[in-house]
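Have a look at the structure below before the remarks.
Atom set for the values below is all heavy atoms of this structure, side chains included, hydrogens, waters and symmetry mates excluded. In this chain, residues are counted from 1 in sequence order.
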Amino acid sequence: MSYDLKREEEVKEYTENLGIEYRFGCFKEKKPEVCHLLADYLEAIKKDYKKAAKVYKSNCDDYNYPKSCLKYGNYALMGRGRDSIDQNEALKYFEKGCELNEPVSCLHAGVLLTATGPATKVQRDVPKGYNYLKKSCDQNDDKACHYLAGMYLAGVPKNPKDYNPHNPEKNVNIDFLIKPDMKQAFQFAKKGCELGNIYACANIGIIGGSGLDDPNLFENPVERDVNTPYGKPSDVLLEGFIKGVPCVLLARHGRKHQYQPSDINYRANIWALKQVGCTHILATTATGSLIHQYQPGDLVVLDDFIDRTWGRACTFFDRTEGGPRGVCHLPMRPAFCEKARQALLAAAREHGHICHETGTAVTIQGPRFSSRAESLMHRSWGGHVVNMTTVPEVVLAKEAGLSYAAVALVTDYDCWRENEQSVSVSEVLQMFARNIKKAIDVIVGAVQILAAEEDYTYLDIHKELVASAVMLKE
Ligand SMILES: CSC[C@H]1O[C@H](OP(=O)(O)O)[C@H](O)[C@@H]1O
Ligand SMILES: Nc1ncnc2[nH]cnc12
């Protein structure tokens with residue numbers, strides 16, 4: 001029989017019949033999956049939580065139906081369909097659901113057994129709770145993986161009262177049931193992220209340029225030696241957390257600054273960061289100023305570039321084995337991700353650093369600096385700063401569908417000003433060293449801002465743009 005669900009009477013008749021069918025399947029045919037549907041029906045259509053609770057409970061007790069155990073556990077936790085809240089009763093049902101391999105039950109059992117605080121009525125049992133959480137994460141529950149990452153990140157103290165959440169250095173001598181372990185934390189966060197939990201992701205790649213080749217951004221970083229279809233990146237990746245956000249650090253020129261700008265494997269650098277799960281890249285770059293107003297020591301959040309490089313591999317779409325297929329004609333306006341740019345700017349402002357909102361970088365081939373005539377020409381073209389690395393890095397990050405932005409530190413006035421010495425390496429490095437704190441403040445602040453963002457749709461837009469730019473003739 002078919003129903004016209006636009007007509008009220010027919011909707012009523014349909015739902016009544018549904019109830020009859022479910023009752024029959026549950027009580028007469030004794031089918032646990034139908035009993036669960038009946039309880040859902042009582043809950044959602046009839047809003048009869050007492051009856052729903054009864055059906056979930058008996059379907060768990062008598063038929064061992066895992067989803068009903070989870071549901072009844074939730075009812076006990078919320079006091080729904082019952083006279084009161086009972087965390088221990090909830091735990092009993094979550095544990096049973098977990099033993100029946102229901103991953104969300106494992107998550108809830110694990111959280112109840114490991115949680116602390118005045119509202120907790122369950123006897124804390126961290127090893128047992130850990131096993132439940134691990135089982136849940138192994139069964140691909142993203143929240144359990146994220147929760148485990150948090151446990152390893154901060155460590156789980158034997159006595160929560162000993163723990164100082166505001167001053168982690170004070171915790172080094174306390175007893176831990178689970179010791180802080182960045183490697184484990186990162187692995188769980190990464191899995192949570194791969195399973196689609198954006199809070200576990202916010203995997204931000206940081207490319208440190210000249211002067212920031214080997215910064216001490218993480219406690220206990222984990223080194224990862226990776227390879228890509230395009231070869232090796234400039235150095236190992238350093239994985240760790242910045243204030244709880246999983247990040248990956250890469251030295252653009254290598255940690256010993258062993259690669260000059262045109263020898264950097266930009267493709268491998270970007271691919272490697274994407275490969276380990278980065279959704280964003282924040283980069284630093286030391287730059288010469290091409291205008292009076294941008295003074296040495298200032299920061300500039302780049303918003304455009306002029307490409308004066310040659311011979312650098314500047315696309316992933318070149319039929320490399322393991323790389324993408326097709327021909328990619330990517331629009332370059334805007335060149336940088338506006339969200340990431342705004343995060344850098346906001347972080348600079350928060351710290352009170354002078355930071356220019358926009359800037360066009362002229363990227364020269366190097367390794368030599370510009371001649372005076374070139375410098376004057378770059379000025380006349382509308383360039384604001386000059387460096388040697390933004391191209392093709394920004395282009396490749398965009399092709400990879402990543403959110404990329406760069407903060408430039410002005411280190412010199414290049415060589416266009418009358419009666420002034422030309423730029424030199426020592427000037428660049430000295431200036432960067434004097435201002436390194438600014439660059440670090442901005443990166444660390446932007447990481448926090450980007451990770452707190454709840455709407456990640458802009459990342460989909462980056463990916464869609466790439467997809468729409470590819471001509472596939474295969
Ligand atoms: C060390 S002077 C020139 C060098 O500095 C800049 O490096 P990075 O962009 O990696 O910070 C500039 O682009 C040149 O590569
Ligand atoms: N003047 C300059 N030209 C090119 N790259 C630079 N990096 C820092 N200063 C620079």
Indicate whether the side chain of Asp298 and that of Gln295 have a donor and an acceptor atom separated by less than 3.5 Å.
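Absent: no donor and acceptor within the cut-off.
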
Going by the angle between their ring planes, with limits at 30° and 60°, are His257 and His253 parallel, tilted or perpendicular?
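Rings of His257 and His253: parallel, under 30°.
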
Angle class for the Tyr413/His292 ring planes (parallel below 30°, perpendicular above 60°, tilted otherwise)?
tilted

Candidate pair Val362 and Glu374, rule side-chain contact (heavy atoms from CB on, under 4.5 Å), full reasoning:
CA-CA 11 Å; Val362 179; Glu374 284 167 338; over 6 Å; no

Would you say [X] and [Y] make side-chain contact, with heavy atoms under 4.5 Å?
X	Y	value
Asp138	Lys135	no
Asp414	Arg379	no
Val156	Thr114	no
Glu427	Gln421	no
Lys191	Leu148	no
Met151	Gln184	no
Phe94	Glu102	no
Thr279	Ser403	no

Could you check whether [X] pairs with [Y] (Lys NZ or Arg NE/NH1/NH2 to Asp/Glu carboxylate O, under 4.0 Å)?
X	Y	answer
Arg341	Glu338	yes
Arg333	Asp304	no
Asp307	Arg312	no
Glu239	Lys190	no

Please name the residue in the list His378, Met388, Met377, Arg308 that meets the side chain to side chain contact (heavy atoms under 4.5 Å, CB included) test with Ser370.
His378

Tell me whether [X] contacts the main-chain N or O of [Y] through its side chain, where contact means a donor paired with an acceptor under 3.5 Å.
X	Y	result
Lys274	Ala400	yes
Ser289	Ile291	yes
Lys438	Gly297	yes
Thr411	Thr287	yes

Using the rule given for side-chain hydrogen bond (donor to acceptor under 3.5 Å, both in side chains), can you reason through Ser426 versus Ser424, listing the C-alpha separation, both sets of side-chain angles and the distance that settles it, and then say yes or no?
CA-CA 5 Å; Ser426 59; Ser424 65; 3.3 Å; yes

ring-ring contact (aromatic ring centres under 6.0 Å, His included): pairs with one or both residues in residues 417-452, sequence neighbours excluded
none

Give me each pair satisfying salt bridge (Lys or Arg N to Asp or Glu O under 4.0 Å) with a member in residues 382-397, each pair once, sequence neighbours excluded.
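For residues 382-397, and leaving out neighbouring residues, the salt bridge (Lys or Arg N to Asp or Glu O under 4.0 Å) pairs sorted by first residue read Arg252-Glu393.
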
Partners of His351 by ring-ring contact (aromatic ring centres under 6.0 Å, His included), sequence neighbours excluded?
His353

Residues forming a ring-ring contact (aromatic ring centres under 6.0 Å, His included) with Tyr230, sequence neighbours excluded:
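With sequence neighbours excluded, Tyr230 shows a ring-ring contact (aromatic ring centres under 6.0 Å, His included) to Trp271, Phe316, given in chain and number order.
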
side-chain contact (heavy atoms from CB on, under 4.5 Å) between Cys69 and Leu100, intermediate numbers included
CA-CA 9 Å; Cys69 301; Leu100 295 165; 4.0 Å; yes

Could you check His384 against Leu290 for side-chain contact (heavy atoms from CB on, under 4.5 Å), going step by step and ending with a plain yes or no?
CA-CA 5 Å; His384 302 108; Leu290 296 172; 5.6 Å; no

By disulfide (SG to SG under 2.5 Å) - contacts of Cys137 (at least two apart)
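Result, disulfide (SG to SG under 2.5 Å) vs Cys137: Cys145.
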
What residues, two or more places apart in sequence or in another chain, satisfy side chain to side chain contact (heavy atoms under 4.5 Å, CB included) together with Pro103?
Ser136, Gln139, Asp141

Intermediate values then yes/no, side-chain contact (heavy atoms from CB on, under 4.5 Å), Val236 and Arg255:
CA-CA 9 Å; Val236 291; Arg255 279 177 294 175; 3.1 Å; yes

